[in-house]
Amino acid sequence: MLMTILVNAIRMGVIFLFGCVGEIFIEKVGHLNLGIPGIMCIGATGGAVAVAKFGAYVSEPILVILAILFTVLFSAAAGMLYSFLTVTLQANQNVTGLTLTTFGVGFMKFFSKRVYDQDLFVSVSHSFQNLFGIPDDHPNALARIFLSHGILVYLALLIAIVSAWFLKKTRSGLYLRSIGESPATADAVGINVTLYKYFFITLGSAIAGLGGLYYIMDRSSGTQVAEAAIDSFGWMAVALVIASMWKPLYALIGSFIFGGLSILDATLTTISMSQQKIFAIFPYLLTVIVLIATSVLNSKENQPPAHLGMPYFREER
């Protein structure tokens with residue numbers, strides 16, 4: 001049972017990981033995007049459109065690439081819209097994000113119903129799953145834990161690791177973090193604040209959108225699109241940003257913890273239904289504990305960006 005929980009925790013956690021890493025980029029540049037759940041839904045719709053339109057005409061490896069590309073394009077477009085509203089027009093970030101989430105959920109339900117073909121999607125989903133062909137009942141435990149997953153799982157791990165390196169070790173990562181702390185100071189030393197905000201909000205949105213594609217084509221094996229509860233995973237991904245203290249490598253670990261807690265209620269069938277439901281609140285409880293701990297410790301590197309959620313008016317510099 002423990003092995004099953006570990007494997008399923010990784011698979012479930014990838015949904016949170018995509019959304020969390022994407023939101024980390026957005027928050028590091030000083031914007032709080034509560035539209036991540038909607039962006040994940042829009043990304044899922046983009047992948048669904050690609051599968052529906054090209055599924056009967058191209059080979060499976062090409063179709064996987066097209067689905068990822070369409071997901072990135074759709075979710076990046078949503079990120080550009082959010083950027084235009086909150087960076088150029090200086091709209092309220094919270095209101096804009098919540099509106100984008102509402103729009104994204106409706107967008108997915110409306111368009112997915114018009115492109116969804118269950119037989120096609122279930123057939124295509126096998127191309128996203130089990131990249132190395134290791135079955136779930138493989139006798140080697142390490143092979144099951146590390147080699148029994150689909151291509152999007154490994155892509156999520158790669159993105160998290162590269163993101164951690166980028167934010168910590170590169171000059172552009174330093175500029176990005178400086179904008180989140182003090183955009184006026186960054187602007188004064190010649191950093192193009194508006195360009196950085198647009199680019200990394202769009203990039204973060206594109207990464208988050210892949211979580212929606214993963215849910216419909218890997219986690220649900222192509223059986224859910226319009227009725228998929230992707231937005232609920234998006235909200236937990238936003239909570240994970242806080243629990244991971246805005247660090248992609250912590251998000252990597254935290255996503256698997258969140259994933260494990262999310263599947264415990266379905267795994268522990270020997271306990272009562274009311275006891276199973278208790279596990280659903282554990283990710284949020286963990287987030288609250290981390291918030292309290294970081295506030296008490298008051299360590300600067302574990303705090304959110306100083307300018308998070310606040311608009312930047314260049315004229316006031």
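Checking side-chain atoms of Thr96 against main-chain N and O of Gln93 turns up no donor-acceptor pair under 3.5 Å. Formation of a donor-acceptor pair under 3.5 Å by the Thr71 side chain with backbone atoms of Leu210 is not found in this model. For Tyr116 (side chain) and Ala52 (main-chain N/O), no donor-acceptor pair under 3.5 Å exists by modelled atom type. Side chain of Ser123 to main chain of Asp119: no donor-acceptor pair is present (N/O by atom type, distance under 3.5 Å, no hydrogens or angles). Proximity of a side-chain donor or acceptor of Lys197 to a complementary backbone N or O of Ser83 within less than 3.5 Å is not detected. Formation of a donor-acceptor pair under 3.5 Å by the Ser148 side chain with backbone atoms of Ile145 is not found in this model. A donor-acceptor contact shorter than 3.5 Å is absent between the side chain of Tyr312 and the backbone of Thr194. Under a 3.5 Å cut-off, the side chain of Ser182 and the backbone N or O of Ser178 do not form any donor-acceptor pair. Without hydrogens or angle criteria, His138 side chain to Asn140 main chain gives a donor-acceptor distance under 3.5 Å. Looking only at distances, a side-chain donor or acceptor of Glu23 sits under 3.5 Å from a matching main-chain atom of Asn33.
Taking 4.5 Å as the limit, every side-chain heavy atom of Phe70 sits out of range of all side-chain heavy atoms of Leu213. Using a 4.5 Å heavy-atom cutoff, the side chains of Tyr215 and Gln224 are in contact. Between Leu131 and Val153, every side-chain heavy-atom pair lies at or beyond the 4.5 Å cut-off. Inter-residue side-chain proximity for Phe16 and Ser262 is flagged as met; some heavy-atom pair is nearer than 4.5 Å. Side-chain atoms of Trp246 and Val241, non-hydrogen and from C-beta on, do get closer than 4.5 Å to each other. At least one side-chain heavy atom of Pro248 sits under 4.5 Å from a side-chain heavy atom of Leu167. Contact of the Ser172 side chain with the Tyr196 side chain is registered, since non-hydrogen atoms from C-beta on lie closer than 4.5 Å. Between Met40 and Ile15 the shortest side-chain heavy-atom distance falls below 4.5 Å.
Classification of the Phe25-Phe166 ring pair by plane angle, with boundaries at 30° and 60°, yields tilted.
For Gly222 against Ser125, the heavy-atom pair with the smallest separation is N-CB, 3.8 Å. Across every non-hydrogen atom of Ile216 and Ala44, the tightest pair is CD1-O, 3.4 Å. Counting all heavy atoms, side chain and backbone alike, Leu240 lies closest to Gly254 at CD1-C, 3.7 Å. Across all their heavy atoms, Ser163 and Val21 have their closest contact at OG-CG1, 3.6 Å. For the pair Ala67 and Val51, the tightest heavy-atom approach, listed with the atom from each and the gap, is CB-CG2, 4.3 Å. Leu157 approaches Phe256 most closely through the heavy-atom pair CD2-CZ, 3.6 Å.
In this structure, the separation between CZ on Phe128 and CG on Asp218 is 8.5 Å, given to the nearest 0.5 Å. With values rounded to the nearest 0.5 angstrom, Gln129 atom CD is found 12.5 Å from His149 atom NE2. Here Asp231 contributes atom CG and Lys109 contributes atom NZ; the two are 7.0 Å apart, rounded to the nearest 0.5 Å. With rounding to the nearest 0.5 angstrom, the CG atom of Leu17 is 11.5 Å from the CG atom of Leu152. Remark: Phe121 CZ to Ser112 OG distance equals 7.5 Å, nearest 0.5 Å. Remark: Leu252 CG to Ile257 CD1 distance equals 10.5 Å, nearest 0.5 Å.
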Start with the C-alpha gap between Val49 and Phe111, add the side-chain angles, then the distance that decides, and say whether side chain to side chain contact (heavy atoms under 4.5 Å, CB included) holds. CA-CA 8 Å; Val49 168; Phe111 285 102; 5.6 Å; no
Decide side chain to side chain contact (heavy atoms under 4.5 Å, CB included) for Ser255 and Cys20; before the verdict, give the C-alpha distance in whole Å, the side-chain angles of both, and the deciding distance to 0.1 Å. CA-CA 8 Å; Ser255 65; Cys20 179; over 6 Å; no
Mind running side chain to side chain contact (heavy atoms under 4.5 Å, CB included) on Tyr154 and Leu158 for me, showing each step along the way? CA-CA 6 Å; Tyr154 300 106; Leu158 178 63; over 6 Å; no
Given the rule in the side chain to side chain contact (heavy atoms under 4.5 Å, CB included) test, do Leu32 and Glu27 qualify, once you have shown the distances and angles that lead to the verdict? CA-CA 5 Å; Leu32 178 62; Glu27 293 196 13; 3.3 Å; yes
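Enclosure of atom CD1 in Ile151 is not indicated, since only 12 or fewer non-hydrogen atoms of other residues, nucleotides or ligands lie within 6.0 angstrom. The environment of OH in Tyr250 is sparse: at most 12 heavy-atom neighbours from other residues, nucleotides or ligands sit within 6.0 Å.
When the side chains of ILVMFWY residues are joined at heavy-atom separations under 4.5 Å, either directly or via intervening members, Leu73 and Ile159 end up in two distinct hydrophobic clusters. Side-chain heavy atoms closer than 4.5 Å link hydrophobic residues (I, L, V, M, F, W, Y) into clusters, and following such links, possibly through other members, connects Phe258 to Met245. Both Ile10 and Phe132 sit in one connected hydrophobic cluster of ILVMFWY residues. Membership requires side-chain heavy atoms under 4.5 Å apart, directly or through other members. Hydrophobic clustering (side-chain heavy atoms under 4.5 Å, transitive across Ile, Leu, Val, Met, Phe, Trp, Tyr) groups Ile68 together with Val58. Leu85 and Val95 are members of different hydrophobic clusters when ILVMFWY side chains are connected at heavy-atom separations under 4.5 Å.
Just one residue in the list Val72, Ile39, Ile42 forms a side-chain contact (heavy atoms from CB on, under 4.5 Å) with Ser205, and that residue is Ile39.
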